[in-house]
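Order of appearance sets the numbers: ligands from 1, and atoms from 1 within every ligand. Numbers for residues simply follow the sequence, beginning at 1. If you're wondering where the values come from, they're calculated on a predicted model, not measured in any experiment. These values consider heavy atoms only, across backbone and side chains, with no hydrogens, waters or symmetry-generated copies.
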Amino acid sequence: MVAVTYELIKTCKQTGARLGRVHTPHGSFETPMFMPVGTLATVKTMSPEELERMGASIILSNTYHLWLRPGEDIVEEAGGLHKFMNWNGSILTDSGGFQVFSLSDLRQIEEEGVHFRNHISGEKLFLSPEKAMRIQNSLGADIMMAFDECPPYPADHDYMKKSVERTSRWAERCLEGHQRPDSQGLFGIIQGGEYEDLRRQSAKDLTSLDFPGYAVGGLSVGEPKDVMNRVLDFTTPLLPNDKPRYLMGVGSPDSLIDGSIRGIDMFDCVLPTRIARNGTCMTSQGRLVVRNAKFARDFRPIDEQCDCHTCRNYSRAYIRHLVKANETFGFRLTTYHNLYFLLKLMRQVREAIREDRLGDFREEFFEKYGFNKP
Ligand SMILES: CCOC(=O)Nc1nc2cc3nc(NC)[nH]c3cc2c(=O)[nH]1
Ligand SMILES: [Zn+2]
């Protein structure tokens, strides 16, 4: 029994975008889909009930962070992440260590695995493909990610080639180390940086291992957007049509649309929740920094075209007041709106695919949001 399956519903006639449906042991969801990030088993300031009400069907948590705090053993004793955090939708766990790995001063990568420093206590840590599988098996996520190296950007071709080959060897070790393939789907991660030959190599190695889904890794690590789009142009066609494709760490509105056009089905990003906590909101007219003095007496909603709980009940003036006073409720309101905004954007993307007009939707959205302005 395969834990995670994909159903291609249709392809947009105007672009390469796909409308699909992913089935997991905790429900199914249409794609392209955005996944709110809940690093420490909570999407910061949101309750599971609010996530459900806004239309989230899958959220992301981090293996590395939960390994350190509270420990995967405690989560396992609770009956797994779903029970521990009372979330009945789907969960994907990625490493969350990608920032730590690339930034850690002690980071040392060997064939066996990665040595690095605990970002909280400073103690020395070691993670291997086998250990990453054991942790994710204990956490009980519906979708697990293979243990890979996400090289920094830019990286020279020689380094990247060696890294891709090791990541492919690690992918095999992950499949061998995965204890629960019938209840947890393990996705492989394609690396190779901006080099087409290495992306081909990585895709060939991993698709021959027959994972239930594939992620495009090594992007959204500081490269310009046109580099990301170019890499996607030659990478997504290398992936099987009948499996989900997940672009890791991508979540600005323009990248979600451009990634969908290039055949990506799943996205995650901390952007909406992170900027919400400093009072910045995504709106149909572009970004709005609610703490700005000009909103002190502005009693309109954050976004007049938004029908979310925040926009139906609270004003810019009130949210500005809360944010400036560092009131937690203010950040709950901005977070709810930003997540709703992206989930609604993905609904509009799926609608546009159904009607074969995602290219037109892109032009309209970019114009309104201000992406086309030089
Ligand atoms: C054990 C699971 O390993 C991973 O999650 N690896 C992985 N994670 C990534 C996270 C990323 N976040 C961003 N931008 C914010 N880019 C990312 C890339 C990777 C990746 O290549 N590989
Ligand atoms: Zn709203």
Exercise. Which one of Met248, Glu149, Met144, Met133 has a non-hydrogen atom at the shortest distance from atom 19 (C) of ligand 1?
Worked result: Met248
Problem set entry | Polar side chain donor-acceptor pair, Gln305 to Lys368, under 3.5 angstrom | yes
Exercise. Based purely on interatomic distance, does Thr63 place a nitrogen or oxygen under 3.5 Å from a nitrogen or oxygen of ligand 1?
Worked result: no
Problem set entry | Side-chain donor/acceptor of Thr167 to backbone N/O of Ser163, under 3.5 Å | yes
Exercise. Just which atoms of ligand 1 are under 4.0 Å from any heavy atom in Asp148?
Worked result: 3 (O), 4 (C), 6 (N), 7 (C), 20 (C), 21 (O), 22 (N)
Problem set entry | N/O donor-acceptor pair under 3.5 Å between Arg173 side chain and Glu112 backbone | yes
Problem set entry | For ligand 1, the portion of Ala215 having any non-hydrogen atom under 4.0 Å away | neither
Problem set entry | Atoms of ligand 1, numbered as shown, that sit under 4.0 Å from any heavy atom of Ser220 | 13 (C), 14 (N), 15 (C), 16 (N)
Seminar exercise, completed: Rounding to 0.5 Å, atoms NZ (Lys13) and NZ (Lys10) come to a distance of 4.5 Å
Problem set entry | Derivation of the side-chain hydrogen bond (donor to acceptor under 3.5 Å, both in side chains) call for Arg200 and Tyr195 | CA-CA 9 Å; Arg200 284 186 181 285; Tyr195 305 106; over 6 Å; no
Exercise. Heavy-atom contact under 4.0 Å between Ala146 and ligand 1?
Worked result: yes
For this session: Determine whether the side chain, the backbone, both or neither of Ala132 has a heavy atom under 4.0 Å from any heavy atom of ligand 1.
Result: neither
Seminar exercise, completed: The single option from Met144, Glu130, Glu72, Glu76 that satisfies side-chain contact (heavy atoms from CB on, under 4.5 Å) with Ile135 is Glu72
Exercise. Should you measure from each heavy atom of Gly218, which atoms of ligand 1 turn up under 4.0 Å away?
Worked result: 18 (C), 20 (C), 21 (O)
Exercise. Would you say the side-chain atoms of Asn338 pair up with the backbone N or O of Met282, donor to acceptor, closer than 3.5 Å?
Worked result: yes
For this session: Would you mind telling me if ligand 1 is within reach of the side chain of Ile189, the backbone, both or neither, using heavy atoms under 4.0 Å?
Result: side chain
Exercise. Which ligand 1 atoms, with their elements, are less than 4.0 angstrom from a heavy-atom of Met145?
Worked result: 1 (C), 2 (C)
Seminar exercise, completed: Note: with side-chain heavy atoms under 4.5 Å as the link, the other cluster members for Phe295 come out as Leu288, Val290, Ile302, Tyr314, Tyr318, Ile319, Leu322, Val323, Phe329, Phe331, Leu333
For this session: State whether the shortest distance between N or O atoms of Val221 and N or O atoms of ligand 1 falls below 3.5 angstrom.
Result: no
Exercise. Within less than 4.0 angstrom of ligand 1, does Leu219 place any heavy atom?
Worked result: yes
Exercise. Can we call the ring centroids of Tyr6 and Tyr214 under 6.0 Å apart?
Worked result: no
Exercise. With a cut-off of 2.8 Å, which protein N/O/S atoms are close to the Zn ion (ligand 2), if we only count those under it?
Worked result: Cys306 SG, Cys308 SG, Cys311 SG, His337 ND1
Problem set entry | Evaluation steps, side-chain hydrogen bond (donor to acceptor under 3.5 Å, both in side chains), between His115 and Glu110 | CA-CA 8 Å; His115 297 270; Glu110 292 164 5; 3.2 Å; yes
Exercise. Quick one: are the ring centres of Phe29 and His23 less than 6.0 Å apart?
Worked result: no
Problem set entry | Residue of the set Lys225, Arg362, Arg230 for which salt bridge (charged side-chain N to carboxylate O under 4.0 Å, His left out) holds with Asp258 | Arg362
